[in-house]
S.K.: 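Quick one: the structure is below, questions incoming.
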Amino acid sequence: MRCFIALLLLLILLPGTGRSAESAAQRSPRAVATLVADRVAVAPGETLRLGLRLKLAPGWHTYWRNAGDAGSAPEIALTLPEGATAGGIEWPAPRRIPTGPLMSFGYEDEVLLPLRVSVPANATGEFAVEAEANWLVCAELCIPEEGRFRLSLPVTAPGRPDQALAPLFAAAEAAVPRPSPWVARAALEGRRGSLTLEDESLSPTALREAEFFPDEPGLIENAAPQVLRIRNGALTLSLTRPDGARLPQSLTGVVALVDAAGVRSAYAVAAPVGGAVEGETLPLWQVLGFALLGGFLLNLMPCVFPILAMKAMALARLSGAARREVRVHAASYTAGVLACLLALAGLLIGLRSAGVAAGWGFQFTAPAFVAGLAWLMLAVGLNLSGVYAIGGAAGAGAGLAARGGHAGSFFTGALAVLVATPCTAPFMAAAVGAALALPPAETLLVFAALGLGLAAPYALLGVFPGLAARLPRPGGWMEALRQGLAFPMYGAAAWLAWVLAQQSGPDGLLLLLGGAVLIGFAAWALGLAQRGGGRIGRVLAGAAAIGALALLPGLAAAPPASASTEARGEAWSATRVAALQAEGRPVFVNLTAAWCITCKVNERLVLQSGAVQAAFAGRNLAYLTGDWTQGDPVIGALLREHGREGVPLYLLYPTGGGAPLVLPQVLTEGIVLRALAEAG
């Protein structure tokens, strides 16, 4: 017993035993703040780490040293024993925090703001630290808070770390930006800018995301998307500048990178400003011209063929109509195209601002969208075949056209955009790629030009309504034409079913076919109701349609299809390309997707032709395929590296190594053979 008591007294008398390295807390409904230290006892002459620890309530945040568009950074003032000195806050890398149209830089949940204190060599007894701090916490409103804190640590030799708080300080230290190991450069011109990091360790396969946080406010538009382009040996972030922003000699700040494994790390960069802005080489007027021309040529792409059925019926109905009637129909169709394209552009802007890598045709990577569009094509075909009518027997769209003037023409234009997105016409790739790197207002302007180009053939009737008089007069032939034009819609539905089979396998295809049966039943029941079946037919039609929609969530759980046995070469990877180039072989990379009709036409008519296959074999060419059907982010990064936002993309790496040749979206045998000759 005497030994036990002696041991207990010894433990009680040991300096620092049982002491906490965390001060009393300053509490509010929004945050709990304390002053913490990494040691329960300090030694003379050593460095002590202190920190303001903020535990934030859900939905609340505080700020980094550059708060962004709104807010203010926390401040800490220390009172130290004589001879002690303190450094500034070592700020952990922040996160982007959107609030309406504004973007702030800061922290959520919990953050430790550390700083270092030098203990004097002659320190004895107690090392007392007092701190006054203030910080701003914000959610829907902002509230300033403040607190006074005190820590008293015994001076011993040696000092003793606080094991409980050590992980907190280690995490904060890991989040503090490290010096950048890469060569950095920046370009700022007018309202555009770019930040580029160069090093052989940077590649599309190694990185997933990047963000730049400037040290100084007012140099960039914080809420603007920072479009990332990664190529082997370099990454470039596009920046948007406010009007009248000053031009610094060096752009300093923090670059936060997320690698392929999802690990986030931060680096302090100082990039000299000079040279041309990278990634946005086209002036706006040229981008608009490309968008207008690309939209017009999109009418000739195979994925738009099904909608020609609806266009043909609309044109036939306009024969002999009054000039005003022709103009309003043309304007309604154009408005439908523009509304759908601008909505698509707005969705793309929102997704990319949220960090989602979405590009042209991105919605076709969602099986539910593909299934829904297939059912829509089937429903339109059944309407054209006369199974049911919309607003009477006048044909597809006539009822909608009668309601509100010309709703049928409007929705035909909107549908034309939806079915056109799997295709990429010449000039479109450069226009869409540049558009998504521009500020939101200019992005919308480019998509509007694309819509005007797509609507141009029909819109010409609004400018020259006399052209409608040259069309054949309405008559009995229209009914035969209407029924015959149902078959392109059935063909489109069949193609979409094949696309879904590539994405979701047999289980997904079964759900699609089951939904198609329900859609067919709904059309039959609706037709029955229109022919005198009354309310029961409409109820049955509505129940069947709801049943089909209820199948859509099941597509997300359907397992993906197994790899196709079609001869498509090897699967693409950057590592495989590098290995083949090291062997001295030319490499052809085909980035494609099951829902991309332009891709399939190029493959069947050109890449699988005898002449091209013989040329590939004669040069010992390696053929690699990158499948973007499921929206693979690594392939998406490769697309953006070459200024594209959608497939197809064809890259031909020459025999002697080096950068690839980028082939056009629409291929011919001559184009491919000439590129092979260029590549040696």
Side-chain angles (χ1 to χ4, degrees), residues 200 203-205 229-234 236 279 281 290 294 301 359-360 423-430 432-433 564 566-594 596-629 632 634-680:
E200 61 182 12
S203 70
T205 56
R229 296 175 61 245
I230 309 174
R231 55 192 184 278
N232 287 326
T236 298
T281 56
F290 280 177
M301 296 293 103
W360 179 256
C423 283
T424 303
F427 301 100
M428 262 189 64
V432 173
S564 172
E566 181 183 354
R568 303 175 65 193
E570 299 181 57
W572 171 86
S573 73
T575 303
R576 185 58 180 150
V577 170
L580 290 167
Q581 284 192 291
E583 295 174 12
R585 296 179 62 185
V587 182
F588 187 92
V589 175
N590 173 13
L591 299 188
T592 182
C596 171
I597 292 188
T598 305
C599 306
K600 299 306 173 187
V601 170
N602 285 338
E603 289 167 11
R604 297 290 173 86
L605 298 183
V606 179
L607 297 179
Q608 296 176 13
S609 69
V612 171
Q613 288 292 308
F616 283 175
R619 289 168 170 78
N620 191 27
L621 178 139
Y623 187 93
L624 307 183
T625 299
D627 191 346
W628 203 47
T629 301
D632 186 337
V634 177
I635 293 177
L638 181 62
L639 290 168
R640 291 189 296 276
E641 177 186 343
H642 294 283
R644 299 286 177 84
E645 291 295 335
V647 290
L649 174 63
Y650 305 106
L651 304 173
L652 179 57
Y653 291 83
T655 303
L661 300 175
V662 180
L663 276 61
Q665 291 86 14
V666 178
L667 297 180
T668 65
E669 286 187 1
I671 289 174
V672 176
L673 295 176
R674 283 193 295 273
L676 288 171
E678 266 187 63

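Only heavy atoms go into these numbers, but all of them, side chains included; no hydrogens, no water, no symmetry mates.
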S.K.: Considering non-hydrogen atoms only, spot the tightest contact between G626 and I635 and give its length.
M.R.: C-CD1, 3.6 Å

S.K.: Without swapping roles, check the side chain of Q581 against the backbone of T655 for a donor-acceptor pair under 3.5 Å.
M.R.: no

S.K.: For W628 and A593, work out which heavy atoms get closest and say how close.
M.R.: C-CB, 4.0 Å

S.K.: Could you point out which residue of L663, V662, V587 forms a side-chain contact (heavy atoms from CB on, under 4.5 Å) with L652?
M.R.: L663

S.K.: Atom CD of E570 and atom OG1 of T625: how far apart are they, to the nearest 0.5 Å?
M.R.: 9.5 Å

S.K.: When the ring planes of Y623 and F616 are compared, do they come out parallel, tilted or perpendicular, using 30° and 60° as the limits?
M.R.: tilted

S.K.: What distance separates L649 CG from L638 CG, expressed to the nearest 0.5 Å?
M.R.: 6.5 Å

S.K.: Among L651, L661, V612, L607, which residue satisfies the side-chain contact (heavy atoms from CB on, under 4.5 Å) criterion with F588?
M.R.: L607

S.K.: Looking only at heavy atoms, what is the nearest atom pair of V589 and W572, with distance?
M.R.: CG1-CD1, 3.6 Å

S.K.: Do you know which two heavy atoms are closest between L676 and A615, and how far apart they sit?
M.R.: CD1-CB, 3.6 Å

S.K.: When rounded to the nearest 0.5 angstrom, what distance separates CZ in R229 from OG1 in T236?
M.R.: 6.0 Å

S.K.: Which value, rounded to the nearest 0.5 Å, describes the distance between Y650 atom OH and T592 atom OG1?
M.R.: 6.0 Å

S.K.: What's the shortest heavy-atom distance between N620 and R585, and which atoms?
M.R.: O-NE, 3.0 Å

S.K.: Apply side-chain hydrogen bond (donor to acceptor under 3.5 Å, both in side chains) to R619 and list each qualifying residue two or more places apart in sequence or on a separate chain.
M.R.: none

S.K.: Would you tabulate the side-chain donor-acceptor contacts of residues 667-675 under 3.5 Å, counting partners in other chains and residues two or more places apart, or write 'none'?
M.R.:
{"unit_1": "T668", "atom_1": "OG1", "unit_2": "I671", "atom_2": "N", "d": "3.1"}
{"unit_1": "E669", "atom_1": "OE2", "unit_2": "S609", "atom_2": "OG", "d": "3.0"}

S.K.: Tell me the closest heavy-atom pair linking P654 and P660, and the distance in Å.
M.R.: CD-CA, 4.3 Å

